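First the structure, in the form of structure tokens, and then the observations on it.
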Amino acid sequence: QVQLVESEGGLVKAGGSLRLSCAASGFTFSDYYMTWIRQAPGKGLEWVSCISTTSSYTNYADSVKGRFTISRDNAKNSLYLQMNSLRAEDTAVYYCARYDTSSWNFDAWGQGTLVTVSS
Amino acid sequence: DIQLTQSPSFLSASVGDRVTITCRASQGISSYLAWYQQKPGKAPEVLIYAASTLQSGVPSRFSGSGSGTEFTLTISSLQPEDFATYFCQQLNSYPLTFGGGTKVEIK
């Protein structure tokens with residue numbers, strides 16, 4: 001079955017960096033766009049970034065542009081999110097998800113990982 | 001950016017009730033709309049995509065309709081496991097955006 005497992009998040013100081021990873025299994029990873037979504041405590045969902053199958057195309061929310069970098073390694077079935085210059089407002093549960101661009105939805109999600117940025 | 005406005009933001013209903021949630025887009029998005037259900041402490045799960053297509057495995061009491069700027073999610077007969085928060089999402093253009101959510105609670 002499709003499985004997405006995010007790495008552990010953690011506590012980081014404002015201005016610091018953190019790299020999240022997402023291990024995919026149960027499907028042909030290289031066939032799918034992948035995406036990151038976050039959810040601040042008690043708040044709604046915010047799309048963060050997505051990446052095409054061959055990494056040729058990436059897109060970011062304005063709130064993270066220039067600070068976060070999405071990448072993938074199809075040989076390792078892994079997705080990454082490098083987060084730099086972290087701010088308190090980046091505190092959230094971060095989810096990786098499979099982005100089905102044929103049916104236009106996020107059809108599989110990881111369990112989420114909490115990133116806390118202390119000021 | 002395309003804004004999605006969900007209404008209501010909170011809904012109190014009883015088991016067996018018919019429930020309708022509305023999602024309005026700030027500009028036309030054709031049928032590039034999905035609906036997700038999220039239970040506390042869990043990741044969201046897709047219910048509906050392309051505005052009206054039921055995701056495999058989702059009960060038929062869930063249905064979606066609409067196109068352009070106005071969309072609805074309907075639960076024909078609310079079940080105990082349906083008490084959750086529901087989000088709409090537009091996938092017409094970047095940045096991809098979500099509605100603010102509708103929390104469905106037990107009356």
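Remember, predicted model here, so these are calculated numbers, not experimental data. In the text below, chain A, chain B and the rest are named by the order of the sequence lines, each starting its count at 1.
Interatomic distance, CD of Q89(B) versus CD1 of I37(A), reported as 7.5 Å (0.5 Å rounding). Atom OG1 of residue T101(A) and atom CG of residue L91(B) lie 10.5 Å apart, to the nearest 0.5 angstrom. Taken from CG in N105(A) to CD1 in I48(B), the straight-line distance is 10.5 Å, to the nearest 0.5 Å. Rounding to the nearest 0.5 angstrom, the gap separating the CG atom in L45(A) from the OG1 atom in T85(B) is 9.5 Å.
Interface remark: of the candidates P95(B), G99(B), G41(B), P95(B) forms the most heavy-atom pairs closer than 4.5 Å to chain A.
Under a hydrophobic clustering in which Ile, Leu, Val, Met, Phe, Trp and Tyr are joined whenever their side-chain heavy atoms come within less than 4.5 Å, directly or via other members, L81(A) and V64(A) fall into the same cluster. Connection of Y94(A) to L11(A) is not established within any shared hydrophobic cluster, with ILVMFWY side chains joined at heavy-atom distances below 4.5 Å, either directly or through further cluster members. In the hydrophobic clustering of ILVMFWY residues, with side-chain heavy atoms under 4.5 Å counting as a link, V5(A) and L79(A) come out apart. One hydrophobic cluster, built from ILVMFWY side chains closer than 4.5 Å, holds both L78(B) and L11(B). The same ILVMFWY cluster, assembled from side-chain heavy atoms under 4.5 Å apart, contains both Y99(A) and Y36(B).
Atom CD of Q55(B) has more than 12 heavy atoms from other residues, nucleotides or ligands within 6.0 Å. For K65(A), the NZ atom sits in a packed shell: over 12 heavy atoms of surrounding residues, nucleotides or ligands are nearer than 6.0 Å. Residue E8(A) qualifies as open at atom CD: its count of foreign heavy atoms under 6.0 Å is 12 or below.
Between P44(B) and F106(A) there is no side-chain heavy-atom pair separated by less than 4.5 Å. Within the 4.5 Å cutoff, side-chain heavy atoms of W47(A) are placed close to those of Y94(B). Looking at heavy atoms from C-beta onward, F87(B) lies in side-chain contact with Q39(A) at the 4.5 angstrom threshold.
In this structure, W104(A) has its ring center no closer than 6.0 Å to that of Y49(B).
For D107(A) against V46(B), the heavy-atom pair with the smallest separation is CA-CG1, 4.0 Å.
Proximity to chain A involves both the backbone and the side chain of A43(B), based on heavy atoms less than 4.5 angstrom apart.
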